[in-house]
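Letters A, B, ... mirror the listed sequences (proteins, then strands); counts begin at 1.
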Protein chains: 2
Amino acid sequence: MIDAGQVQGVGVAVSTVIFALRQHPDTGAVGLWLPLVRRIREPWQGRWALPGGMVRVTEGLELAARRNLLETTALEPTYLEQLYAFGEADRSPDGRIVSIVYWALVRADEASRAAVDENVQWFPADDLPELAFDHNLIVDYALWRLRTKVEYGRIAHAFLGETFTLSELREVHETVLRRPLDPANFRRQIESSGAIVSTEEVVTGGRHRPPRLYRFNTAVDLVDNGPLTPVRL
Amino acid sequence: MIDAGQVQGVGVAVSTVIFALRQHPDTGAVGLWLPLVRRIREPWQGRWALPGGMVRVTEGLELAARRNLLETTALEPTYLEQLYAFGEADRSPDGRIVSIVYWALVRADEASRAAVDENVQWFPADDLPELAFDHNLIVDYALWRLRTKVEYGRIAHAFLGETFTLSELREVHETVLRRPLDPANFRRQIESSGAIVSTEEVVTGGRHRPPRLYRFNTAVDLVDNGPLTPVRL
DNA sequence: GCAAAAGTGTTAGCTTTACACCCATGA
DNA sequence: TCATGGGTGTAAAGCTAACACTTTTGC
């Protein structure tokens, strides 16, 4: 996004909706959060906006998205997928910009390393302020995509570390879907899907039976993602 | 696509993959076909390519796609949805072009009205020649999207007229999915989905029991398409 | 009557959902 | 021993897939 500079011609920008799971500092509830950057010039000076910027002539779209994220938020997401191209003629008051929007998922530990200052802040995805441009619409669409992605198995991967308990995995699903899931049925479904592999380790320290640790199955993709598969590092 | 003309800066183009159901002139088999245009200049002069062209500063992306289709093929599709933005730095040998690709569905009667000459021709989607740019890849992706779209009920709408028999509807599904469907089960599924409404009319003239005619249910969308719903005229 | 497609019925097998119940640990 | 979440069992309900069977037309 950033501003265009070019009065004639169609400009190409990339923006990214970055999701992370975070605890609300007040309520303690876990939910989806995303980082926004404050615009430092017109149009929409002072408003919060998705991180992004113009695409350089020598770089591909996805690379441009990665570079921008690194520059503005210091994040290098493990999951990055194209969301949609927004290109109505009147979507920017200042010149003609087509924005290729990506969406990304980052783990909590990665997210906490993100640069945060007065111009970069995290917001709960379900409770955003009025953003610059059509960015509220874009975030709504990204949320919808995240929630309807059938291959939740893989989506959850991006939010978790190498190993995890079934409760942790279930919590990711519950948070994304905003509804509770039956632990017994969840276990069976995820196990029979082949998406995860059991390790021999368990986690001690809780005041209950120690849960087993699992790992995502790195074998051939279970889901048909089509010729264009999203990137997973 | 068309060629860029602009050596510096990122150009924005739109292209469209247009699908129609057609009978193969030799085998008689019904399948997916799409119109291609022959390139009349470099790069890829003489090769077949998806219809498309540069986006004008004053028009939105979808409008640009519609205008181009009308100009190059005289088609006005009833179903038009954005597919993907292709923007690798090296995808065009001649300047930097980002292509926003749409996919469209047209009915057989509309398709037959399409301008066809030595520079515009229909090809079977499963048996294409080597196309210009990365257009083979793009068509493969469009085919995958068409086949995995869950809401087949709505997809089929774009291929059929106002009223249709269940056999006709089933044939559309069978053609897209490339496998036979059980007539009995297909009837029950589609009826219980609420996607179609029975009319009082039947079709006489076949040497068998006259089938009832149906109509698509225009009531509120049954499928959650998200904030960005594809256009259906 | 016969061929052909329309349309109905039925059943086996699978998946989903709800919930009861036992297990292993820390305090 | 008790509270807590980990983990297993099970049965009802719903859905899918396969296929037998009846109906209604044109010839």
5' to 3' contact window, DNA chain D with chain A (heavy-atom distance under 4.0 Å)
D:dA3 to D:dT10
So what does [X] hit on the nucleic acid, given a heavy-atom distance under 4.0 Å: a base, only sugar-phosphate, or nothing?
| X | answer |
| --- | --- |
| B:Arg188 | base |
| A:Thr165 | nothing |
| A:Ser167 | sugar-phosphate |

Can you classify the ring geometry of B:Phe164 versus B:Phe216 as parallel (below 30°), tilted (30 to 60°) or perpendicular (above 60°)?
tilted
Assign the ring pair B:His135 / B:Phe133 to parallel, tilted or perpendicular, where the plane angle (0 to 90°) is split at 30° and 60°.
tilted
Both A:Gly205 and A:Gln189 contact DNA chain C. Which one's nearest nucleotide lies toward the 5' end?
A:Gln189
With salt bridge (charged side-chain N to carboxylate O under 4.0 Å, His left out) as the test, would you mind laying out the steps for A:Lys149 and A:Glu81 before giving the verdict?
CA-CA 12 Å; A:Lys149 262 270 178 195; A:Glu81 189 184 357; 3.3 Å; yes
Which pair of non-hydrogen atoms, one from B:Val203 and one from B:Pro210, has the smallest distance, and what is that distance?
O-CB, 3.1 Å
Whole-Å distance between [N] [atom2] and [X] [atom1]?
| X | N | atom1 | atom2 | result |
| --- | --- | --- | --- | --- |
| A:Phe186 | C:dA18 | CZ | P | 16 Å |
| A:Leu181 | C:dT17 | CG | C1' | 12 Å |
| B:Glu168 | C:dA5 | CD | P | 14 Å |
| B:Asp182 | C:dT10 | CG | P | 16 Å |
| B:Arg170 | C:dA4 | CZ | C1' | 13 Å |
| B:Leu169 | C:dG7 | CG | P | 13 Å |

Salt bridge (charged side-chain N to carboxylate O under 4.0 Å, His left out) between A:Arg178 and A:Asp126, worked out:
CA-CA 11 Å; A:Arg178 285 180 303 185; A:Asp126 288 318; 3.8 Å; yes
Between B:Trp103 and B:Tyr141, is the ring centroid distance below 6.0 Å?
no
Within the 3.5 Å criterion, strictly below it, is a donor on A:Arg215 or A:Ser198 matched to an acceptor on the partner's side chain?
no
Under 3.5 Å, which protein N or O atoms sit close to an N or O of nucleotides 21-24 of chain C? Give each pair with its distance.
unit_1	atom_1	unit_2	atom_2	d
C:dA24	N3	A:Arg209	N	3.3

Kindly write out the residues that satisfy ring-ring contact (aromatic ring centres under 6.0 Å, His included) with A:Trp122, not counting sequence neighbours, or none if the list is empty.
none
Mind running side chain to side chain donor-acceptor pair (under 3.5 Å) on B:Thr16 and B:Arg66 for me, showing each step along the way?
CA-CA 9 Å; B:Thr16 307; B:Arg66 288 191 183 280; over 6 Å; no
